[in-house]
Amino acid sequence: MSGRRLGPAFFARPVEQVARDLLGRHLLRVVDGERLVLRLVETEAYAGETDAASHARGGPTARNRAMFGPPGVTYVYLIYGLHHCLNLVCGPAGEAAAVLLRAGEPLAGLERMAALRAGQPRRDWARGPGRLCAALALDRRHDGLVLPHPELWLEAGTPLPNAAVARGPRVGVDYAGAAARWPWRFLEKGSPWVSRVSRAAAP
DNA sequence: GTCAAGATTAGT
DNA sequence: CTAATCTTGACG
């Protein structure tokens with residue numbers, strides 16, 4: 001196996017620290033009794049109400065309620081009425097900080113992910129936050145779960161050394177003013193599994 | 001009540 | 001570059 005299951009203590013830290021530390025960790029998902037494994041290669045940190053780019057900026061709503069829960073809770077939202085995105089709540093309860101999981105390298109359950117991705121090219125299974133949720137069959141029903149959960153959890157995996165980590169501004173948050181330029185996107189240098197936007201931005 | 005825009009993606 | 005399609009927050 002890939003190590004111990006990560007619990008609340010892992011997430012109860014500053015959100016940008018957790019986002020950095022999630023790279024190289026393993027995200028596990030059980031679908032119909034089958035184990036799917038992704039090795040995380042791209043994340044983004046979002047703070048709470050002080051972050052103009054965060055969904056929590058306006059306080060709690062029906063959609064973002066889970067963000068205000070304790071560390072280790074999932075926040076899954078629907079974007080553009082089409083795609084789901086998975087976040088993990090960080091910091092103390094009520095702070096509403098969370099890490100968006102943007103991309104992962106598939107390690108196990110490839111056939112199942114292929115079926116869930118319905119005809120997409122194999123290399124595209126988990127590149128991008130919407131694709132990641134599609135590959136793992138995650139949607140709003142998985143909002144507010146407490147990790148570790150019987151069908152969704154994180155294992156220690158192998159954290160990346162600093163030399164293997166790149167960072168840059170968050171994607172798609174131009175509306176957020178100065179906060180749009182905070183370097184809170186973290187990714188594995190040179191990984192072919194990072195999202196399309198991160199590949200385009202890479203040298 | 002209306003309405004514009006969004007932490008995206010696939011297809012022109 | 002644009003369509004697809006649902007939730008939210010601003011505005012009356």
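Everything numeric here is computed off the predicted structure, so don't read it as measured data. Every chain is numbered from 1, with letters handed out A, B, ... down the list of sequences.
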Subject >> Intra- and interstrand pairs of DNA chain B - dot-bracket, Watson-Crick/G-U under 3.5 Å, | marks other strand >> reply: ||||||.||||.
Subject >> A:Arg140 atom CZ, neighbour heavy-atom count above 12 within 6.0 Å >> reply: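 Yes, CZ of A:Arg140 has more than 12 neighbouring heavy atoms, counting only those of other groups under 6.0 Å.
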Subject >> Between C1' of B:dA5 and OH of A:Tyr175, the distance in whole Å >> reply: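 In whole Å, B:dA5 C1' and A:Tyr175 OH are 10 Å from each other.
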Original post:
To the nearest Å, how far apart are A:Asp139 CG and B:dT8 C1'?
Top reply: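 Roughly 16 Å, once rounded to whole Å.
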Original post:
Who passes salt bridge (charged side-chain N to carboxylate O under 4.0 Å, His left out) against A:Asp21, sequence neighbours left out?
Top reply: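 Only A:Arg13, A:Arg25 meet the salt bridge (charged side-chain N to carboxylate O under 4.0 Å, His left out) criterion with A:Asp21.
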Subject >> C1' gap between B:dA10 and C:dT7, integer Å >> reply: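 The answer is 22 Å between these two C1' atoms.
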**OP:** Report yes or no: is there a donor-acceptor pair, N or O only, under 3.5 Å between the side chain of A:Tyr77 and the base of B:dA7?
**Re:**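 Check passes, donor-acceptor contact within cut-off.
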Original post:
Given a cutoff of under 4.5 Å between side-chain heavy atoms of I, L, V, M, F, W and Y, with clusters grown through shared members, what are the other residues clustered with A:Tyr77?
Top reply: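 Besides A:Tyr77, the hydrophobic cluster comprises A:Tyr46, A:Met67, A:Phe68, A:Tyr75, A:Ile79, A:Tyr80, A:Leu100, A:Val173, A:Tyr175, listed by chain and residue number.
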Original post:
Going by side-chain heavy atoms closer than 4.5 Å, which hydrophobic residues are tied to A:Val146, directly or by a chain of links?
Top reply: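 Other cluster members: A:Val73, A:Val89.
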Subject >> Salt-bridge contact A:Arg170-A:Asp51 (side-chain N to carboxylate O under 4.0 Å) >> reply: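 The answer is yes: the pair qualifies as a salt bridge.
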Original post:
Are A:Glu42 and A:Arg127 ion-paired here, with the side-chain N under 4.0 Å from a carboxylate O?
Top reply: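 The answer is no: the pair does not qualify as a salt bridge.
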**OP:** Would you mind building the protein contact string for nucleotides 3-9 of chain C? One character per nucleotide, 5' to 3', B for base within reach (heavy atoms under 4.0 Å), S for sugar-phosphate only, - for untouched.
**Re:** -BBBSSS
Original post:
If you measure only the distance, is there a donor-acceptor pair under 3.5 Å linking the side chains of A:Arg185 and A:Thr43?
Top reply: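 Note: A:Arg185 and A:Thr43 side chains miss the donor-acceptor criterion.
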Subject >> Partner residues of A:Glu95 under the side chain to side chain contact (heavy atoms under 4.5 Å, CB included) criterion, sequence neighbours left out >> reply: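 Once residues adjacent in sequence are excluded, the partners of A:Glu95 under the side chain to side chain contact (heavy atoms under 4.5 Å, CB included) criterion are A:Pro92, A:Ala97.
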